[in-house]
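Worksheet: one structure, shown below.
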Amino acid sequence: MGRCSGRCTLVGICCLQLAAALQRQIFDFLGYQWAPILANFLHIMVVILGILGTLHYRSRYLILYSIWLALWVAWNAFIICFYLEVGHFSQHRDLIMNFNTSMHRSWWMENGPGCLVTPVRGPPLPLADHHMVTVTGCLLDYPYIEALSSALQIFLALFGFVYACYVSKVFMDEEDSCLVKSLC
């Protein structure tokens with residue numbers, strides 16, 4: 001029976017992070033959420049570096065991956081606070097996610113599970129929000145879907161951080177033992 005080492009586990013965690021980030025990237029593209037698109041793109045690149053560092057015994061790649069995961073946890077905590085309107089954040093007032101370039105919102109706002117969308121009839125406004133709709137009947141409102149997505153990212157990042165630190169330490173110990181053997 002085979003045994004899964006720390007390297008094997010870290011590659012598995014990285015693959016899960018990659019799948020979760022790609023899923024999130026798709027829905028952020030559908031909602032024109034430019035800030036999360038850029039963050040997800042960077043995350044995907046660093047996760048790929050983490051996989052390569054694990055497979056090719058590169059502890060520096062794993063250290064970079066670990067540092068990025070700390071930043072990734074902070075970004076996702078911000079996303080949770082933003083969508084749940086913790087503190088002074090207001091998703092209806094602050095257009096941080098799209099760099100104030102448009103009035104686009106989360107794709108889940110109109111396309112969540114069980115949501116019924118009805119357009120609002122009224123006089124057209126010159127710079128009207130294209131989301132002039134009423135959304136009712138959602139099984140789970142979009143801020144909670146976004147927060148759950150970010151919570152999953154944090155969960156995977158924490159496991160990835162722990163395993164990256166462990167595997168990086170193992171790689172450094174192996175390098176040190178190889179140096180000591182070559183000097184003797």
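This structure is a prediction, so every number in the text was calculated from the model and none was measured.
Side-chain contact between L69 and L158 is absent, with no heavy atoms from C-beta onward closer than 4.5 Å. A heavy-atom distance below 4.5 Å is not found between the side chains of S168 and Y61. You'll find the side chain of Q25 reaches within 4.5 Å of the side chain of I37, heavy atoms only. Inter-residue side-chain proximity for N111 and F27 is flagged as unmet; no heavy-atom pair is nearer than 4.5 Å. Annotation: side chain of L64 is not in contact with side chain of R60 (no heavy-atom distance under 4.5 Å). Proximity of Q17 to Y65: side-chain heavy atoms (C-beta onward) are separated by under 4.5 Å at one or more points. Contact of the I79 side chain with the Q33 side chain is not registered, since no non-hydrogen atoms from C-beta on lie closer than 4.5 Å. No side-chain heavy atom of T136 sits less than 4.5 Å from a side-chain heavy atom of V117.
Scanning all heavy atoms of the two residues, the minimum distance from L156 to A20 falls at CD1-CB, 4.0 Å.
Under the disulfide (SG to SG under 2.5 Å) criterion, C115 pairs with C138, not counting sequence neighbours. With sequence neighbours left out, F41 forms a ring pair (Phe, Tyr, Trp, His ring centres under 6.0 Å) with no residue at all.
Under the 4.5 Å side-chain heavy-atom criterion for Ile, Leu, Val, Met, Phe, Trp and Tyr, V162 and V73 are members of distinct hydrophobic clusters. A single hydrophobic cluster is seen to contain both I48 and L62, as judged by linkage of ILVMFWY side chains at heavy-atom distances under 4.5 Å, directly or through other members. The cluster map of Ile, Leu, Val, Met, Phe, Trp and Tyr, joined by side-chain heavy atoms under 4.5 Å apart, puts F82 and L140 in the same cluster.
Between E146 atom CD and W107 atom CH2 the span is 10.5 Å, to the nearest 0.5 Å. The distance from atom CG of L10 to atom CG of L55, rounded to the nearest 0.5 Å, is 9.0 Å. Put simply, CG on L71 and CG on N76 are 11.5 Å apart, with the number rounded to the nearest 0.5 Å. Rounding to the nearest 0.5 angstrom, the gap separating the CG atom in D141 from the CG atom in L84 is 11.0 Å. The line from CD of E85 to SG of C81 is 11.5 Å long, rounded to the nearest 0.5 Å. One finds the CD1 atom of I80 at 10.0 Å from the CD atom of Q153 (value rounded to the nearest 0.5 Å).
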What's the verdict on side-chain contact (heavy atoms from CB on, under 4.5 Å) for Q23 and L152, showing C-alpha distance, side-chain angles and the deciding distance? CA-CA 12 Å; Q23 173 268 333; L152 174 65; 5.8 Å; no

Could you walk me through whether N40 and W72 satisfy the side-chain contact (heavy atoms from CB on, under 4.5 Å) test, starting with their C-alpha distance in whole Å, then the side-chain angles of each, then the deciding distance to 0.1 Å, before giving a yes or no? CA-CA 9 Å; N40 290 333; W72 188 242; 3.2 Å; yes

Would W68 and V47 count as a side-chain contact (heavy atoms from CB on, under 4.5 Å) here? Give the steps. CA-CA 9 Å; W68 171 256; V47 168; 5.7 Å; no

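S149 contributes no side-chain N or O that, together with a main-chain N or O of I145, makes up a donor-acceptor pair within less than 3.5 Å.
Ring pair W75/F78: centre-to-centre distance below 6.0 Å.
More than 12 heavy-atom neighbours from other residues, nucleotides or ligands sit within 6.0 angstrom of CZ on R7.
Applying the ring pair (Phe, Tyr, Trp, His ring centres under 6.0 Å) test to residues at least two apart or on different chains, the pairs with a partner in residues 145-166 are F155-F159.
Using bins of under 30°, 30° to 60° and over 60° for the plane-to-plane angle, the ring pair Y83/Y142 lands in the perpendicular bin.
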